[in-house]
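Contents: one structure, followed by commentary.
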Amino acid sequence: MKLYGHPMSTCTRKVLTTLAEKGHEAQFVLIDLGTGQQKSPDYVAKHPFGVVPYLEDDGFSMYESRAIIRYLDAKLPGNKLIPSDLPSLGRMEQWLSVEQSYFTPHCMAIVMEMLMKQMRGGGKPDMDKVNKGRDQAAKALDVVDRALRSQAYLAGDTFSLADISWLPYLQYLSVTPQGTLITERPFVKSWWQRISTRPSWKKVNG
Ligand SMILES: N[C@@H](CCC(=O)N[C@@H](CS)C(=O)NCC(=O)O)C(=O)O
């Protein structure tokens with residue numbers, strides 16, 4: 001199995017965390033996002049949208065991180081990361097969708113301005129964008145906080161792909177001044193502590 005990606009990419013990190021949870025090593029092929037390798041003809045021949053990650057497995061290949069993690073859970077032995085009971089499965093899918101639709105775009109607007117822009121020498125953050133992102137991310141985290149009052153993980157009592165899908169975005173948010181979005185919500189805060197201290201995430205996040 002070969003995983004094409006970049007170790008700092010949130011989407012690659014979801015896949016790496018899933019592999020670590022399953023106790024499986026894939027061969028890692030670095031795609032250098034810094035030099036735009038993801039747009040090179042060789043790579044675009046594999047991934048037509050020119051982004052990472054991309055998976056090759058025994059003659060089969062696919063892209064889209066949230067699809068890849070479902071594939072890996074179904075394929076590999078080890079911890080089951082997709083619940084088998086239907087209500088928990090429904091909840092897992094709901095939170096994967098909430099992450100993608102209502103949280104990540106706003107969280108990444110903050111991260112882009114507060115973290116990435118400065119790392120790339122792009123100057124001062126646009127606080128208008130940061131504050132808009134903060135308001136919207138706060139709404140999503142309020143909803144998560146209410147849900148986590150009565151359960152340890154997003155799908156219920158057990159860790160699932162839904163928790164994995166939130167981890168990389170929460171990680172970057174946590175190291176910005178807007179990381180208080182996590183710590184000022186008690187149930188989000190304890191869930192974050194629970195999921196970010198798992199050996200799989202520690203391995204991926206270094
Ligand atoms: N929906 C895609 C998004 C992939 C994506 O946007 N990857 C980013 C890194 S996290 C990327 O390759 N960015 C480089 C670019 O946009 O050129 C997935 O989940 O795999």
Side-chain angles (χ1 to χ4, degrees), residues 1-22 24 26-57 60-76 81-82 92-122 126 129 133 136-137 140 154-155 160-176 178-179 195-196 200-201 203-206:
M1 191 179 281
K2 269 191 197 175
L3 174 65
Y4 295 70
H6 190 284
M8 301 307 285
S9 127
T10 48
C11 298
T12 304
R13 287 177 148 213
K14 268 174 250 168
V15 177
L16 288 170
T17 308
T18 303
L19 286 168
E21 285 285 338
K22 303 299 274 184
H24 189 85
Q27 186 187 337
F28 192 76
V29 182
L30 177 70
I31 299 299
D32 189 351
L33 301 182
T35 59
Q37 194 186 349
Q38 73 278 19
K39 308 295 185 214
S40 68
D42 277 0
Y43 184 71
V44 171
K46 296 182 190 300
H47 191 321
F49 297 99
V51 289
V52 293
Y54 173 78
L55 183 79
E56 281 175 359
D57 179 31
F60 170 73
S61 62
M62 67 182 294
Y63 45 83
E64 285 303 301
S65 60
R66 295 169 189 85
I68 294 173
I69 61 178
R70 288 176 173 97
Y71 172 83
L72 291 175
D73 188 59
K75 157 117 197 189
L76 298 171
L81 300 167
I82 298 181
M92 182 199 83
E93 291 295 348
Q94 172 193 299
W95 290 115
L96 272 155
S97 192
V98 168
E99 169 267 299
Q100 187 169 14
S101 305
Y102 311 120
F103 178 67
T104 294
H106 310 299
C107 172
M108 287 310 285
I110 300 171
V111 170
M112 282 297 167
E113 290 303 315
M114 299 303 296
L115 215 58
M116 309 295 181
K117 199 172 187 179
Q118 291 179 34
M119 272 164 51
R120 292 175 191 152
D126 177 337
K129 285 188 186 164
Q136 296 302 314
L154 290 174
S160 76
L161 295 182
D163 304 291
I164 291 180
S165 78
W166 285 71
L167 262 169
Y169 308 109
L170 289 170
Q171 177 67 47
Y172 285 145
L173 182 64
S174 76
V175 297
T176 69
Q178 289 68 28
I195 62 176
S196 62
S200 59
W201 181 249
K203 181 177 177 198
V204 171
N205 193 46

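Just follow the structure's listing: the first ligand is 1, and inside any ligand the first atom is 1. Everything quoted here is computed from the prediction, not taken from an experiment.
Checked by atom type and distance alone, the side chain of Ser97 never pairs as donor or acceptor with a backbone atom of Gln94 at under 3.5 Å. Remark: the backbone N or O of Val51 is paired with a side-chain donor or acceptor of Tyr43 at under 3.5 angstrom.
Between Arg70 and Glu93 there is a salt bridge, since a side-chain N of the basic residue sits under 4.0 Å from a carboxylate O of the acidic one.
Residue, atom and distance of the protein heavy atom nearest to atom 1 (N) of ligand 1 are Glu64 OE1, 2.7 Å. Of the protein's non-hydrogen atoms, Val51 CG1, 4.1 Å is the one closest to atom 13 (N) of ligand 1. Residue, atom and distance of the protein heavy atom nearest to atom 14 (C) of ligand 1 are Gln38 NE2, 3.4 Å. Nearest non-hydrogen protein atom to atom 8 (C) of ligand 1 is Val52 O, 3.9 Å. The closest protein non-hydrogen atom to atom 3 (C) of ligand 1 is Cys11 SG, 3.8 Å. Closest to atom 19 (O) of ligand 1, if we only count protein heavy atoms, is Ser65 OG, 2.6 Å.
Pairs engaging residues 99-109 under the salt bridge (charged side-chain N to carboxylate O under 4.0 Å, His left out) rule: Arg66-Glu99 [sequence neighbours left out]. Among pairs with a residue in residues 32-48, those fulfilling salt bridge (charged side-chain N to carboxylate O under 4.0 Å, His left out) read Lys46-Glu56, at least two apart in sequence or across chains.
Those atoms of ligand 1 that come under 4.0 Å of a heavy atom in Thr10, given as number and element, are 10 (S). Atoms of ligand 1 lying under 4.0 Å from any heavy atom of Arg66, numbered from 1 in the order shown and given with element: 19 (O). Proximity to Ser9 (heavy-atom distance under 4.0 Å) selects the following atoms of ligand 1: 9 (C), 10 (S). Shown in contact with Pro53 at under 4.0 Å from a heavy atom are these atoms of ligand 1, numbered in order with element: 20 (O).
The closest side-chain heavy-atom distance from Gln171 to Arg13 is below 4.5 Å. Side-chain contact between Val29 and Tyr54 is absent, with no heavy-atom pair separated by less than 4.5 Å.
Note on ligand 1: Lys39 sits in its first shell, one or more heavy atoms being nearer than 4.0 Å.
Classified by interplanar angle (parallel below 30°, tilted 30° to 60°, perpendicular above 60°), the ring pair Phe103/Trp166 is parallel.
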